[in-house]
> 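There's a structure below that I have some questions on.
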Amino acid sequence: MKRIFYIICISLALTGCYKTKSEVKEDCKYLKKVITEAYVNYDELVERGFDVDYLIKNIGEEYSDTFGYENPLDVAGFGEIIAYNITDYFLALDFYDNHLSFKFDKYNNSFYRQKYCYYSNIYFEKKDNNYYVKKSDDDTIKTGSCYTGDLDLLRPVICSNEVLYRYIVLDYYNANITIDLDNKEIPCKAKISDVYNVDNHDAIEYFETANTVYIGLKDCYLNINKQDMEKYHETRNKFDKIVSMIQKSDVNKNVVLDLRGNRGGYAESIYYLLCPIFYRQKLDYRSDFLDIVKIATEGQYSIRSTEINKAILNYQIKNNIAEENRIEPKEEPRTIIGEKNNTSDVFPQLGRELLQGNLFILMDSKTASAAEYGIATSYLINKEKVILVGNKTFGAMSSGSYYSYTLPNSRIEVNLATVNHENETLFRLNTRWHGDTEGFFPDYFADNDTINETLEYLLKDPELVKKLSEW
């Protein structure tokens, strides 16, 4: 009897071991399939030396070494192994894609490390071709010291009603910041800028002062939620009314488009604002504006495949798209649509705008994706009238239009982009764009402590600043 009991126990253990091992193997097989067939950046990665079989082998071996196969599949552990192996491999190839993300066991995020803006309180003034410390709250930093470091780290800011240069470093979390003064590297106090809180703001907001039109857009989705369509329609109606108000506003006023905290959604939401802002008319899908956008997106390419078509159908089902409006998935090989090459050296300008003032775009480190695409397209009308203010953006626009793929056993979701924007004219020729994880850099850097002072200097509108400071 004991022998039979032991045989049963061993059989159960081997069965459990075999099941977990086969689950990991099957999930890895499907992961390889979607990376090679449904990820727009796969070809570029291969050109950089990416080996998908090496990746899959490492994932399987690390799971075996870390958790073994004797116990049921550890979804959270498996998810982290997949995510870190992919992003570490991509980073080793100097490749960034902030739309690459993973969802498992209450986790839903990109695994890319973000660079943060570390703001020192050291301000410089320029004399001839050198920069000298004008003010600092650090007793170890002497006024008049000459800056001898990387000039790109001296960012233009407004301080005490004048343009100075503040030492602001982009680095990863928990970085030790130093500064070069008089040819000596010394420690430097610096803090990460706080993110502007938009939790109490509506998706779209509008008001006018005597000198300024203010538009706040914290959500390019406009609160779209298939479980609460009433809220979406309410927001959509408010959006349409605001578009009409912009059309009627004074063209001599400056316009502030506040995209702080806007994580993205549909870029068209910003298109619908840019046309009335610059031309005092609604967006017409036959308009010159969309023609210039098309020219500026030369270099964009996308892919289609059977797996992508399946993912599109799943997306339509998940979002309750009426059955008659769904696209039936068809079998097709991985196909590239569009031309990767882009040699244009001319940044297109539509011009003929009615707006006499400037467009000030407020942004922070949560401004991302479609909101960044909106920033890029705002330059296509008159780039001289666009002024970026605030923090650097999140940096999530080199790729886009992503769909979700669910591994069959762990149910881990992997989001992969189907469109590549990296080589588009409106990004490639925009000196303010610095790629994924770094995003757009502002013309005037400002953290939450200095944003109101900065706006008051730039806009000469204390009424606007008072209103914003009360929020």
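Numbering starts at 1 and runs along the sequence shown.
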> For S160, is there any backbone N or O sitting under 3.5 Å from a side-chain donor or acceptor partner on E453?
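Looks like yes, one N/O pair under 3.5 Å.
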> If I compare all heavy atoms of F441 with all of M363, which pair ends up nearest, and what's the gap?
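Nearest heavy atoms, F441 then M363: C-CE, 3.7 Å.
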> Can you confirm whether the side chains of Y39 and E37 place a donor and an acceptor under 3.5 Å from each other?
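Side chains of Y39 and E37: no pair found under 3.5 Å.
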> Report yes if the side chains of F394 and D364 come closer than 4.5 Å at any heavy-atom pair, otherwise no.
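No, side chains not in contact.
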> Counting only heavy atoms not in Y214 (residues, nucleotides, ligands), do more than 12 fall under 6.0 Å from its OH?
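Buried by this count: over 12 neighbours within 6.0 Å.
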> With a 3.5 Å distance limit and no angle check, can you tell me whether S401 reaches the backbone of T418 through a side-chain donor-acceptor pair?
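Judged by distance alone, no pair lies under 3.5 Å.
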> In plain terms, say whether E463 and K466 are close enough for a salt bridge, that is, a side-chain N and a carboxylate O under 4.0 Å apart.
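Salt bridge absent between E463 and K466.
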> Step by step, work out the side chain to side chain contact (heavy atoms under 4.5 Å, CB included) result for L455 and F360.
CA-CA 9 Å; L455 291 176; F360 293 85; 5.6 Å; no
> Kindly check if the number of other-residue, nucleotide or ligand heavy atoms within 6.0 Å of CG (D284) is above 12?
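Yes, because the 6.0 Å sphere around CG of D284 holds more than 12 heavy atoms from other groups.
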> Where the side chain of N358 meets the backbone of N254, is there a donor-acceptor pair that is under 3.5 Å apart?
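Checked: no pair found.
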> Distance-only, no hydrogens or angles: does the N391 side chain make a donor-acceptor pair with backbone N or O of S365 under 3.5 Å?
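Flag not set: sc N391 to bb S365 has no pair under 3.5 Å.
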> CD1/I204 to CD1/I242 distance, rounded to the nearest 0.5 angstrom?
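Rounded to the nearest 0.5 Å, the CD1-CD1 separation comes to 4.5 Å.
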> Which heavy atom in R352 sits nearest to a heavy atom in Y279, and how many Å separate them?
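It is O-CE2, 3.5 Å.
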> I'd like to know whether the aromatic ring centres of F124 and Y131 sit less than 6.0 Å apart in this structure.
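No, too far apart.
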> With a 6.0 Å cut-off on the ring centroids, do Y123 and Y165 count as close?
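No, ring centres 6.0 Å or more apart.
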> How about NZ on K340, more than 12 heavy atoms from neighbouring residues, nucleotides or ligands closer than 6.0 Å, or not?
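Yes, enclosed.
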> On a heavy-atom basis, which atom in N452 and which in S469 lie closest, and how many Å separate them?
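So the minimum-distance heavy-atom pair works out to ND2-CB, 3.5 Å.
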> Using only atom types and a distance under 3.5 Å, with no angle test, would you say the side chain of N342 pairs donor to acceptor with the backbone of S344?
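Answer holds: yes.
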> Taking side-chain contact (heavy atoms from CB on, under 4.5 Å) as the criterion, tell me which of L459, I451, I158 meets it with V389.
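That would be I451; it is the only one of L459, I451, I158 passing the side-chain contact (heavy atoms from CB on, under 4.5 Å) with V389.
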> Salt bridge check, R48 against E44: does any charged N sit closer than 4.0 Å to a carboxylate O?
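Between R48 and E44 there is a salt bridge, with a charged N closer than 4.0 Å to a carboxylate O.
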> Taking atom NZ of K126 and atom CG of L164, what is their separation to the nearest 0.5 Å?
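CG of L164 is found 13.0 Å from NZ of K126.
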> Check whether any side-chain heavy atom of V255 sits under 4.5 Å from a side-chain heavy atom of I215, and report yes or no.
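V255 reaches I215 side chain to side chain.
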> Does some side-chain heavy atom of L359 sit less than 4.5 Å from a side-chain heavy atom of I387?
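No; the side chains remain at least 4.5 Å from each other.
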> Whether the E26 and N409 side chains hold a donor-acceptor pair (N or O, under 3.5 Å, no angle test) is what I'd like checked.
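The criterion, which ignores hydrogens and geometry beyond distance, is satisfied for N409 and E26.
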> L274 and I381: which non-hydrogen atoms are nearest, and at how many Å?
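So the minimum-distance heavy-atom pair works out to O-CD1, 4.4 Å.
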> Compare all side-chain heavy atoms of Y444 with those of Y457 and state whether any distance is below 4.5 angstrom.
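Not touching, per the 4.5 Å side-chain cut-off.
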> Testing the 3.5 Å rule here: is there a donor-acceptor pair between the side chains of N420 and S302?
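N420 vs S302: no donor-acceptor pair found between side chains.
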> So, for L416 and A38, which heavy atoms are closest and what is the spacing to 0.1 Å?
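Nearest heavy atoms, L416 then A38: CB-O, 4.2 Å.
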> Could you check if a side-chain atom of R166 sits within less than 4.5 angstrom of a side-chain atom of D447, using non-hydrogen atoms only?
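A side-chain contact under 4.5 Å exists here.
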> May I ask you to check whether over 12 heavy atoms, not counting those of K238, lie within 6.0 Å of atom NZ?
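Count over threshold, so yes.
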> Should we count CZ of R428 as having more than 12 external heavy atoms under 6.0 Å?
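Yes.
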> I'd like to know whether NZ of K385 has more than 12 heavy-atom contacts from other residues, nucleotides or ligands below 6.0 angstrom.
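Yes.
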> Examine the side chains of D219 and N262 and answer whether a donor and an acceptor come within less than 3.5 Å of each other.
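Per modelled atom types, D219 and N262 side chains form no pair under 3.5 Å.
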> Without swapping roles, check the side chain of T297 against the backbone of Q300 for a donor-acceptor pair under 3.5 Å.
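No: the side chain of T297 does not pair with the backbone of Q300.
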> Under 4.5 Å between any side-chain heavy atoms of Y301 and V419, yes or no?
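Counting from C-beta outward, Y301 and V419 never come under 4.5 Å.
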> Between the side chain of H99 and the main-chain N/O of A417, is any donor-acceptor distance below 3.5 Å?
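Looks like no, no N/O pair under 3.5 Å.
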> Should the pair F427 and H421 be assigned to parallel (<30°), tilted (30 to 60°) or perpendicular (>60°) ring geometry?
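Rings of F427 and H421: tilted, as their planes differ by 30° to 60°.
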> Are E372 and T393 close enough, and set up right, to give a side chain to side chain donor-acceptor pair (under 3.5 Å), and what steps lead you there?
CA-CA 8 Å; E372 292 174 308; T393 63; 2.6 Å; yes
> What residues, two or more places apart in sequence or in another chain, satisfy salt bridge (Lys or Arg N to Asp or Glu O under 4.0 Å) together with D51?
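Testing D51 for salt bridge (Lys or Arg N to Asp or Glu O under 4.0 Å), a comparison that skips the adjacent residues, returns none.
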> Any chance you could measure I412, atom CD1, to I81, atom CD1, to the nearest 0.5 Å?
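Separation between the atoms: 9.5 Å.
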> Within the supplied structure, the quantity of interest is the number of heavy atoms (other residues, nucleotides, ligands) at a distance under 6.0 Å from F207 CZ; does it exceed 12?
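Above 12, so yes.
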> Check whether any side-chain heavy atom of D27 sits under 4.5 Å from a side-chain heavy atom of P408, and report yes or no.
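D27 vs P408: side chains touch.
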> Would Y96 and E422 count as a side chain to side chain donor-acceptor pair (under 3.5 Å) here? Give the steps.
CA-CA 10 Å; Y96 302 86; E422 189 173 16; over 6 Å; no
> In sequence, state the C-alpha distance, the side-chain angles, and the governing distance for N430 and I375, and then conclude on side chain to side chain contact (heavy atoms under 4.5 Å, CB included).
CA-CA 11 Å; N430 191 320; I375 293 172; over 6 Å; no
> Would a distance-only check, ignoring hydrogens and angles, find a side-chain to backbone donor-acceptor pair under 3.5 Å from S305 to P333?
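No; zero donor-acceptor contacts below 3.5 Å.
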> Side chains of D461 and T209: donor-acceptor distance under 3.5 Å anywhere?
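Judged by distance alone, the side chains do pair up.
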> Are the side chain of R280 and the backbone of P276 linked by a donor-acceptor contact shorter than 3.5 Å?
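Yes, R280 side chain to P276 backbone: donor-acceptor pair under 3.5 Å.
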> Distance check, rounded to the nearest 0.5 Å: E438 atom CD versus L170 atom CG?
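Those atoms lie 5.5 Å apart.
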> Look at atom NZ of K282 and say whether more than 12 heavy atoms of other residues, nucleotides or ligands are closer to it than 6.0 Å.
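Open.
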> Given E353 and N382, is the side chain to side chain donor-acceptor pair (under 3.5 Å) satisfied, shown in steps?
CA-CA 8 Å; E353 70 278 0; N382 185 337; 2.8 Å; yes
> Please enumerate all residues that pass side-chain contact (heavy atoms from CB on, under 4.5 Å) together with N314, with sequence neighbours excluded.
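By the side-chain contact (heavy atoms from CB on, under 4.5 Å) rule, N314 matches no residue at all.
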> Answer yes if the ring centres of F50 and Y89 are under 6.0 angstrom apart, and no otherwise.
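Close enough - the centres of the two rings lie under 6.0 Å apart.
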> Check whether NZ of the Lys or CZ of the Arg R236 lies under 6.0 Å from the centre of the six-membered ring of Y266 and within 45 degrees of that ring's axis.
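That pair does not qualify as a cation-pi contact.
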> Looking only at the side chains, is there a donor atom on one of N341 and E339 sitting less than 3.5 Å from an acceptor on the other?
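Indeed, the side chains of N341 and E339 share at least one donor-acceptor pair under 3.5 Å.
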> Is K218 salt-bridged to D202, cutoff N-O under 4.0 Å?
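Salt bridge flag = no for D202 with K218.
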> Just to verify, what does R411 make a side-chain contact (heavy atoms from CB on, under 4.5 Å) with, not counting sequence neighbours?
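With neighbours one apart ignored, the set is T406.
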> Could you tell me which non-hydrogen atom of F289 sits nearest to which non-hydrogen atom of T377, and how far apart they are?
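The pair with the smallest heavy-atom distance is CE1-O, 4.3 Å.
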> Is T87 close to F102 at the side-chain level, that is, under 4.5 Å between some pair of heavy atoms?
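With C-beta onward as the side chain, the pair touches.
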> Output yes when a side-chain donor or acceptor of K392 lies under 3.5 Å from a complementary backbone atom of T437, and no otherwise.
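Indeed, once roles are kept as given, a pair shorter than 3.5 Å links the two residues.
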